[in-house]
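Accompanying notes for the structure given below.
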Amino acid sequence: MAQAWKVTVKSPWRKYAKGLSVQIVTNSSGSKPTRDQIFEAFDRQLGIKKENGANPSFDIEKS
């Protein structure tokens with residue numbers, strides 16, 4: 001079953017400002033989205049491409 005997640009930037013890093021958030025839907029219930037899925041969502045939804053060394057921290061919660 002699909003699960004919706006809200007991912008919010010907790011500590012800023014370059015283009016990833018604190019408080020920016022995206023929604024992610026995963027196919028496996030209970031497992032949080034991976035960092036790759038998170039960066040892909042930021043690219044698709046906000047146009048923020050992952051940079052080498054990108055290391056913001058995220059707050060991940062069920063929607």
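Nearest approach of Asn55 to Arg35, heavy atoms of both residues: OD1-NH2, 3.8 Å. Between Ala17 and Val9, the shortest heavy-atom contact is O-CB, 3.4 Å. When all heavy atoms of Trp13 and Asn52 are compared, the closest pair comes out as CH2-O, 3.9 Å. Nearest heavy-atom pair, Thr26 versus Ser31, reported as atom, atom and distance to 0.1 Å: OG1-O, 3.8 Å. Residues Ile38 and Pro33 come closest through the heavy atom pair CD1-O, 4.1 Å.
Val22 and Val25 are assigned to two separate hydrophobic clusters, defined by single-linkage of ILVMFWY side chains at heavy-atom distances under 4.5 Å.
Applying the side chain to side chain contact (heavy atoms under 4.5 Å, CB included) test to Ser11 and every residue at least two apart in sequence or in another chain returns Ser57. When the side chain to side chain contact (heavy atoms under 4.5 Å, CB included) test is applied to Arg44, the partners found at least two apart in sequence or on another chain are Glu40. Partners of Asp43 under the salt bridge (charged side-chain N to carboxylate O under 4.0 Å, His left out) rule, at least two apart in sequence or in another chain, are Lys49. Residues forming a side chain to side chain contact (heavy atoms under 4.5 Å, CB included) with Lys6 (at least two apart in sequence, or on another chain): Thr8, Ser21, Gln23, Glu61, Ser63. In terms of the side chain to side chain donor-acceptor pair (under 3.5 Å) criterion, Gln45 has no residue partners (sequence neighbours excluded). Annotation: side chain to side chain contact (heavy atoms under 4.5 Å, CB included) contacts of Lys62 (sequence neighbours excluded): Gln3, Trp5.
The OG1 atom of Thr34 lies 10.0 Å from the CZ atom of Phe39; values are rounded to the nearest 0.5 Å. If you take CD1 on Ile48 and CZ on Arg14, they are separated by 13.5 Å, rounding to the nearest 0.5 Å.
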ask   = Lys10 and Ile60: side-chain contact (heavy atoms from CB on, under 4.5 Å), yes or no, with the steps?
value = CA-CA 9 Å; Lys10 189 164 49 173; Ile60 303 170; over 6 Å; no
